[in-house]
*Asks:* 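Can you keep this structure in mind? I'll have questions shortly.
So that the names make sense, note that chain A is the first sequence line, chain B the second, and so on, each numbered from 1. It should be emphasised that the depicted structure is a prediction, and the values quoted were computed from it without experimental measurement.
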Amino acid sequence: MNNYEKIKEVINRSGIIATDVSKELFKLSLSERENAIFDVAIASYLLEPSLGNHSLSKMSLKYLSRPFPSLPKNPSEDELSGCVSLRASILLALYPILKEELDRRELGRIYYNVELPLSSVLARMEERGVLVDTEFFKEEGKRLKKELQGYEERIYKLAGMKFNLNSPKQLSYILFEKLGLPKIKRTKTGVSTNQEVLEKLVPYHEIVELLLQYRETEKIRSTYIDALPELVENGRVRTKWCQTTTATGRLSSIKPNLQNIPPTVREGFVAPPDWVLLSSDYSQIELRIVASLSGDKNLKEAFERNEDIHTRTAALVLGIPEELVGKKEREMAKMINFGIIYGMGAYGLSRRLGISVEDANLFINAYFRTYPGVKEWVENTVREATEKGYTTTILGRKRYFESVKGADIRAAINAPVQGSAADMIKVAMVNIDKALSNKKSGMIIQVHDELVLEVTEDELTEVSDIVKREMERAVSLGVPVVCDIKVGKNWGRMEKLEKNSHGLHRLN
DNA sequence: GAGCTCACG
DNA sequence: ACGTACGTGAGCTCC
Ligand SMILES: [Mg+2]
């Protein structure tokens, strides 16, 4: 037996306790069964998701009151083995403590049924990576560079001098001192020049419109077009899917972050010849979860009607027929629907709708009269968070709060919604991965309410059925759940996939 | 490394 | 009693 085989044999016979590296073990095929692994980082994450960092040194101090030994520089063989075995002993000691704590707080289920199996799914997503059209990035880079040079020249001319356009400090000097524009909002260190401020300054000076365009283009160029190709290896980027980072239960993604790619840049993520990309996204999942958690009759019924939820909301709130709901009314309802998910108050709504706080209050009151169950749910959630010190999702994931005041009130309202949506798509991912285990196709990206898969053309019909079914039935909400499926040769240009009368899929 | 800004859901 | 909409990651400037 070589070392690899020895290690594999031990792991699958005795089990292994690891941290943060369960994905690596799966990648190396070192683990043949999930229950051969206990990942202390994932356990610690479920126990304290707001911690952000579940390093062994933190866990060791917290649960064992023991420092985590650091490796000396240029260690001797003895020092090395001493340190490593000390570290291993810490892992070993953490295992029973974390396991018992998971059970005590009823987090064992979500650990064993969702998070642990998910870590192997994420491992496979990392291994597969995403194919990148480097030519697209090259050409787009050239085009944006030219476009930016045009903005720069005109901006310098209007400013009467050259300056560093990427420096908010210098820009603020130009706008508010040199050109004398009104100061709208301040930051900790000076005067804000953010997009919201610039939009208000547009009528004052023609430089502002150019600045907005420059900012938008420069963002795309610097963050995406220039940075992404640096991370391509053998034609693919392999993001790291972070499973123990967010306070709510969502995933995050780094190097590169594939969860904030703008539509224009999505074109650069492509399928190989004879493959397509398939994207399936939940429709209004967070609001459906609000309907489910609150049990509000009217909100549930609104979804059962399968009409546009914002239009329906506007009609109910304003007491008018849906045919009379115009753009403005729908926009207002959409704002409140979103606002609810974020725990927004009258002040926030008034600012976003450009109306008075009094009017915003009227709308919110009318909204809660329409959906009284939602109002009750919000109040109960905040009360529970205060009394128990945590909020809970549909699968029992918890987020802890020390005292629920200020911004924490809103976070406490949002956490069960955002977290339940995360629970749901995670379950879907585990089930889809299982259903695709004997296929060539596989998942490559998750963006909170969207899954992207790389699919061979011959598997398209079957895979799209699996994805849609597993996403919609991942967790039973008692409210209809709908996913829309799109297909294309790249992530940017996709067409809706519809079922025709023969049950066959076709591209429109 | 902090602060600002901004991309996504 | 609210610094007044939640959750992320990353590039850039400046100290
Ligand atoms: Mg969606």
*Asks:* Starting at CZ of A:F401 and ending at P of C:dG7, how long is that distance when rounded to a whole Å?
*Replies:*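 Distance, rounded to whole Å: 8 Å.
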*Asks:* Roughly, in whole Å, what's the span from CD in A:E450 to P in B:dC8?
*Replies:*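 Nearest whole value for this atom pair: 12 Å.
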*Asks:* Please determine, for the side chain of A:T245, which listed nucleotide (C:dG9, B:dT5, B:dG9) has the closest atom?
*Replies:*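 So the nucleotide nearest the side chain must be C:dG9.
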*Asks:* Of all the nucleotides listed (C:dA5, C:dG7, B:dC4), which has the minimum atom distance to the side chain of A:R250?
*Replies:*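 Output: C:dG7.
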*Asks:* Report the nucleotide, chosen from C:dC6, B:dG9, C:dC12, that has the shortest atom-to-atom distance to any side-chain atom of A:N414.
*Replies:*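 Among C:dC6, B:dG9, C:dC12, the one nearest the side chain of A:N414 is C:dC6.
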*Asks:* Calculate the interatomic distance between A:K169 atom NZ and C:dC14 atom C1'; express it in whole Å.
*Replies:*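 That distance rounds to 7 Å.
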*Asks:* Taking only the side-chain nitrogens and oxygens of A:Q170, find out if one of them lies under 4.0 Å from OP1 or OP2 of C:dC14.
*Replies:*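 Indeed, a polar side-chain atom of A:Q170 lies that close.
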*Asks:* With respect to A:K145, which candidate in A:E147, A:R143, A:Q149 satisfies the side chain to side chain contact (heavy atoms under 4.5 Å, CB included) definition?
*Replies:*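 Going through the options one by one, the only one that passes is A:Q149.
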*Asks:* So, OP1 or OP2 of C:dG7: does either fall under 4.0 Å of a side-chain N or O from A:S252?
*Replies:*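 For A:S252, the contact criterion (side-chain N or O under 4.0 Å from OP1 or OP2 of C:dG7) is not met.
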*Asks:* Is there a side-chain polar atom (N or O) of A:S167 under 4.0 Å from OP1 or OP2 of C:dC12?
*Replies:*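 Checking A:S167 against C:dC12: no side-chain N or O falls below 4.0 Å of OP1 or OP2.
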*Asks:* Hey, do the aromatic rings of A:F137 and A:Y224 have their centres closer than 6.0 Å?
*Replies:*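 For A:F137 and A:Y224, the ring centres are not under 6.0 Å apart.
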*Asks:* Under 3.5 Å, is there a donor-acceptor pair linking the side chains of A:S283 and A:R288?
*Replies:*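 Yes, a side-chain donor-acceptor pair sits under 3.5 Å.
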*Asks:* Answer yes if the ring centres of A:Y371 and A:Y367 are under 6.0 angstrom apart, and no otherwise.
*Replies:*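 That pair passes the under 6.0 Å test.
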*Asks:* Students often get this wrong, so: under 4.0 angstrom with heavy atoms, is A:P263 touching a base, only sugar-phosphate, or nothing?
*Replies:*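 A:P263: backbone/sugar contact only, no base atoms under 4.0 Å.
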*Asks:* In terms of side-chain heavy atoms of A:Y347, which of C:dT13, C:dC6, C:dA5 is nearest?
*Replies:*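 From the listed options, C:dA5 comes nearest.
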*Asks:* Is any side-chain N of the basic residue among A:E384 and A:R399 closer than 4.0 Å to the acidic one's carboxylate O?
*Replies:*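 A salt bridge is absent here (no side-chain N lies under 4.0 Å from a carboxylate O).
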*Asks:* Of the nucleotides B:dG3, B:dT5, B:dC6, which has the atom closest to the A:K188 side chain?
*Replies:*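 In terms of side-chain proximity for A:K188, the closest of B:dG3, B:dT5, B:dC6 is B:dG3.
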*Asks:* Round to the nearest Å and state the distance from A:N257 atom CG to C:dG9 atom C1'.
*Replies:*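 About 5 Å, once rounded to whole Å.
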*Asks:* In this structure, how many angstroms lie between the P atom of B:dC8 and the CD atom of A:Q195, rounded?
*Replies:*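 Nearest whole value for this atom pair: 10 Å.
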*Asks:* Enumerate the residues from residues 199-228 of chain A whose closest heavy atom to DNA chain B is under 4.0 Å, giving them by residue number; use none for an empty result.
*Replies:*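 The answer is A:R215, A:K219, A:Y224.
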*Asks:* Within the structure, does a side-chain N or O atom of A:R399 lie under 4.0 Å from either OP1 or OP2 of C:dG7?
*Replies:*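 Answer yes for this pair, as a side-chain N or O of A:R399 is under 4.0 Å from OP1 or OP2.
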*Asks:* Among the nucleotides B:dT5, C:dT8, C:dG7, which one has an atom lying closest to any side-chain atom of A:T248?
*Replies:*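 So the nucleotide nearest the side chain must be C:dG7.
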*Asks:* Just checking A:A247: base, sugar-phosphate only, or nothing, at a heavy-atom cut-off of under 4.0 Å?
*Replies:*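 Counting heavy atoms under 4.0 Å across all strands, the contact made by A:A247 is with sugar-phosphate only.
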*Asks:* Can you name the closest pair of heavy atoms from A:L107 and A:L46 and give their distance?
*Replies:*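 Smallest heavy-atom distance, with atoms named: CD1-O, 3.4 Å.
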*Asks:* Rounded to the nearest angstrom, tell me the gap between atom CG in A:D408 and atom C1' in C:dC2.
*Replies:*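 So the two atoms are 12 Å apart, to the nearest Å.
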*Asks:* Measuring from the side chain of A:K255 (C-beta onward, heavy atoms only), which nucleotide among C:dA10, C:dG7, C:dT13 has the closest atom?
*Replies:*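 Taking heavy atoms from C-beta onward, the closest nucleotide is C:dA10.
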*Asks:* Looking for any heavy atom pair under 4.0 Å, which part of the strands does A:R410 touch: base, sugar-phosphate only, or nothing?
*Replies:*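 Here A:R410 touches the backbone only, sparing every base.
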*Asks:* Are the side chains of A:S464 and A:V487 in contact, using a 4.5 Å heavy-atom criterion?
*Replies:*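 Not in contact.
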*Asks:* Hey, does A:G345 reach any base, or is it just sugar-phosphate, or nothing, if we go heavy atoms under 4.0 Å?
*Replies:*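 Touches nothing.
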*Asks:* Measuring only the P atom in each nucleotide, how far is B:dT5 from C:dT4? A whole number of Å is fine.
*Replies:*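 It comes out at 14 Å once rounded to the nearest Å.
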*Asks:* The side chain of A:P262 lies closest to which of these nucleotides: C:dG7, C:dC6, B:dA7?
*Replies:*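 Out of C:dG7, C:dC6, B:dA7, the nucleotide with an atom closest to A:P262's side chain is B:dA7.
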*Asks:* Would you mind reading off the distance between A:R397 atom CZ and C:dG7 atom P, rounded to a whole angstrom?
*Replies:*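 Checked: the CZ to P distance equals 15 Å.
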*Asks:* What nucleic acid atoms does A:R186 come within less than 4.0 Å of, heavy atoms only: base, sugar-phosphate, or nothing?
*Replies:*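 The answer is nothing, as A:R186 stays clear of every strand by at least 4.0 Å.
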*Asks:* State, to 0.1 Å, how close A:E286 and A:A421 come at their nearest heavy-atom pair, and which atoms those are.
*Replies:*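 Taking A:E286 first and A:A421 second, the nearest heavy atoms are CG-CB, 4.2 Å.
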*Asks:* So does A:S192 get a side-chain nitrogen or oxygen closer than 4.0 Å to the phosphate oxygens (OP1/OP2) of B:dT5?
*Replies:*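 Indeed, a polar side-chain atom of A:S192 lies that close.
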*Asks:* Of the nucleotides C:dG7, B:dC6, C:dC6, which has the atom closest to the A:T246 side chain?
*Replies:*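 The answer is C:dG7.
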*Asks:* Assess whether a salt bridge exists between A:K468 and A:D484, defined as any Lys/Arg side-chain N lying under 4.0 Å from an Asp/Glu carboxylate O.
*Replies:*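 Salt bridge flag = no for A:D484 with A:K468.
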*Asks:* Please answer whether the main-chain N or O of A:A346 pairs with a side-chain N or O of A:N361 as donor and acceptor at a distance below 3.5 Å.
*Replies:*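 A pair under 3.5 Å: no.
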*Asks:* Which whole number of Å gives the distance between the P atom of C:dA5 and that of C:dG9?
*Replies:*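 Approximately 22 Å lies between the P atom of C:dA5 and that of C:dG9.
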*Asks:* Tell which nucleotide pairs with C:dC2, taking only Watson-Crick or G-U wobble pairs whose two distances are both under 3.5 angstrom.
*Replies:*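 Because no pair has both required distances under 3.5 Å, C:dC2 counts as unpaired.
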*Asks:* To the nearest angstrom, how far is A:N260 atom CG from C:dT8 atom C1'?
*Replies:*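 A:N260 atom CG is separated from C:dT8 atom C1' by 8 Å.
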*Asks:* Would you mind classifying the nucleic acid contact of A:I254 as base, sugar-phosphate or nothing, using non-hydrogen atoms under 4.0 angstrom?
*Replies:*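 Result for A:I254 = sugar-phosphate.
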